Amino acid sequence: MKEIHDEIGTLLRGMIEKREKALKLGEVDNEDLLSVLIDSSLKEIHEHKNPKNVGLSIDEIIEECKLFYFAGQESTSTLLLWTIVLLSMHQEWQERAREEVLHAFGRSKPDFDGLSRLKIVSSIKVTMILYEVLRLYPPFGLLTRFTYKEMKLGGITLPSGVLVGLPILLINHDREVWGEDVEEFNPERFSGGISKATKYQFSFFTFGWGPRICIGQNFALIEAKIALAMILQHFSFELSPSYVHAPHVRISLQPQYGAQIIFHKL
Ligand code: HEM
């Protein structure tokens, strides 16, 4: 573990130093997140009279890169993976989603402009499907928080330093919250949006909630919609007979024995 940590740190440090140099020489623009991070940090240091403790250190930028890679890559690929598994299990929803995509885009490549021109309204079924996948198979099933001072939560007083778990996976499968069909794949429950899917206000927080809510949630949904739309345009898919349904928490929620899918070119 330490070896991997050091190797990734060295790789990222090299990339950051190279980019910092190029930014200072004006050789590159703020064309990606790494440049934006370095540039805003350099500006903050430059503008401050006492540059101590302002801007980001290289170690902090390294941590941001790791966070964005893990939070952004693992999460969305897990969402897409379970979407393909569930649409393989529920062929009628695969058909409905494909119809919608073909109606909106035909065979042309769906891009961000296309999705925003259509205001995503026309991909309502795809959105419902993605929410229902995120409910049944949330990439991250547990959030944790430490109390930093004594506080009241409901009727309970918690002392400082208590670790509180917010069990997304359990809440997403709670019959009391979602109703009798809680274990069924029913994207229809999101037809009125997230707020109308349950009787409680804060039941669906697969992307977190409050000030630390996922910064990438809109990006993730757009990315997943474009990827799913392209797959639906060109392939139909079904589960391979070798697939064994065994969701399994390995930091994110993964199929324990893999997801063997058979794709048919359309
Ligand atoms: C299906 C996709 C995704 C899911 C389910 C997801 C889930 C979450 C959750 C639950 C949190 C809150 C963690 C907490 O409160 O402790 C979070 C935070 C975060 N996510 Fe995502 N995420 C997804 C996609 C992305 C993408 C695509 C990016 C970046 C491109 C991203 C970047 C982040 C970052 C930077 C944070 C930390 C925000 C902060 O602490 O202020 N996520 N995500």
Side-chain angles (χ1 to χ4, degrees), residues 8 12 15-16 30-38 40-41 56 59-87 97 111-112 115-116 120 123 126-148 151 153 158 161-174 177 185 187 190 193-194 197 201-231 247-255 259:
I8 291 177
L12 287 170
M15 285 163 71
I16 293 165
N30 284 351
E31 61 202 8
D32 63 16
L33 187 67
L34 181 58
S35 290
V36 172
L37 275 176
I38 300 174
S40 69
S41 177
L56 293 167
D59 284 334
E60 283 167 329
I61 296 178
I62 288 177
E63 290 312 311
E64 288 297 323
C65 291
K66 286 199 262 182
L67 171 65
F68 264 90
Y69 181 76
F70 179 70
Q73 205 270 345
E74 177 88 5
S75 54
T76 316
S77 61
T78 305
L79 165 60
L80 268 173
L81 165 103
W82 289 115
T83 305
I84 298 294
V85 168
L86 284 164
L87 291 183
D111 55 8
F112 174 70
L115 281 178
S116 38
I120 315 203
S123 66
V126 172
T127 309
M128 282 156 48
I129 289 168
L130 292 176
Y131 283 155
E132 182 66 340
V133 174
L134 286 167
R135 180 185 74 82
L136 284 167
Y137 299 92
F140 307 117
L142 179 72
L143 296 182
T144 51
R145 294 288 185 270
F146 267 111
T147 54
Y148 66 95
M151 52 183 69
L153 195 63
L158 301 171
V162 168
L163 180 66
V164 182
L166 302 158
I168 296 176
L169 188 60
L170 300 185
I171 293 169
N172 288 5
H173 288 258
D174 188 335
V177 174
F185 176 70
F190 285 103
I194 291 177
Q201 215 188 336
F202 302 113
S203 333
F204 187 66
F205 54 95
T206 298
F207 285 106
W209 203 272
R212 310 308 297 235
I213 196 165
C214 177
I215 200 172
Q217 65 169 312
N218 289 338
F219 179 77
L221 287 171
I222 290 168
E223 201 181 8
K225 277 176 199 173
I226 291 181
L228 182 61
M230 289 173 80
I231 295 171
H248 163 80
V249 176
R250 210 166 40 205
I251 305 187
S252 61
L253 191 64
Q254 295 297 323

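Remember, it's 1-based here, ligands and their atoms both numbered in the order they're listed. Here the structure is a predicted model, which is why all the values come from computation and not from measurement. These values consider heavy atoms only, across backbone and side chains, with no hydrogens, waters or symmetry-generated copies.
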Check for a donor-acceptor pair, side chain of S252 on one end and backbone N or O of F140 on the other, with a separation under 3.5 Å.
no
State whether the shortest distance between N or O atoms of T76 and N or O atoms of ligand 1 falls below 3.5 angstrom.
no
Give me the nearest non-hydrogen protein atom to atom 37 (C) of ligand 1 as residue plus atom name, then the distance to 0.1 Å.
L67 CD2, 4.2 Å
Atoms in ligand 1 flagged as close to P139, the criterion being non-hydrogen separation under 4.0 Å:
5 (C)
closest protein heavy atom to atom 32 (C) of ligand 1 is A71 CB, 3.6 Å
Residues L166 and F205: closest non-hydrogen pair is CB-CE1, 4.0 Å
R145 side-chain N/O to V164 backbone N/O, donor-acceptor pair under 3.5 Å:
no
For L56 and S41 the tightest heavy-atom approach is N-OG, 2.7 Å
Could you name the option among R145, R212, E64 that has the heavy atom nearest to atom 16 (O) of ligand 1?
R145
Taking atom CD of Q73 as the centre, report whether more than 12 heavy atoms of other residues, nucleotides or ligands fall under 6.0 Å from it.
yes
Is the backbone N or O of P139 less than 3.5 Å from a side-chain atom of T78, with the two atoms forming a donor-acceptor pair by type?
no
For atom 23 (C) of ligand 1, find the nearest protein heavy atom and state the residue, atom name and distance (0.1 Å precision).
S75 OG, 3.3 Å
Atoms of ligand 1 close to A220 [distance to a heavy atom under 4.0 angstrom, numbered from 1]
2 (C), 24 (C), 27 (C)
So does L37 get a backbone contact from the side chain of S40, meaning a donor-acceptor N/O pair under 3.5 Å?
yes
Whether Y137 and W82 hold their rings parallel, tilted or perpendicular, with breakpoints at 30° and 60°
parallel
Nearest to atom 7 (C) of ligand 1, what protein heavy atom do you find, and at what distance?
T206 O, 3.7 Å
Which atoms of ligand 1 have any heavy atom of F68 under 4.0 Å away?
29 (C), 30 (C), 35 (C)
Write out the residue and atom name of the closest protein heavy atom to atom 35 (C) of ligand 1, then the distance separating them to 0.1 Å.
I215 CG2, 3.4 Å
Which residue and non-hydrogen atom of the protein lie closest to atom 26 (C) of ligand 1, and at what distance in Å?
G72 CA, 3.4 Å
Report the C-alpha distance between F185 and L136 in whole Å, list the side-chain angles of each, state the deciding distance to 0.1 Å, and finish with yes or no for side-chain contact (heavy atoms from CB on, under 4.5 Å).
CA-CA 8 Å; F185 176 70; L136 284 167; 3.9 Å; yes
Of the choices G216, C214, G141, which has the non-hydrogen atom that lies closest to atom 21 (Fe) of ligand 1?
C214
Which atoms from ligand 1 have a heavy atom of L143 less than 4.0 Å away?
10 (C), 13 (C), 14 (C), 15 (O), 16 (O)
Which option, W82, F207, Y69, owns the non-hydrogen atom nearest atom 11 (C) of ligand 1?
F207
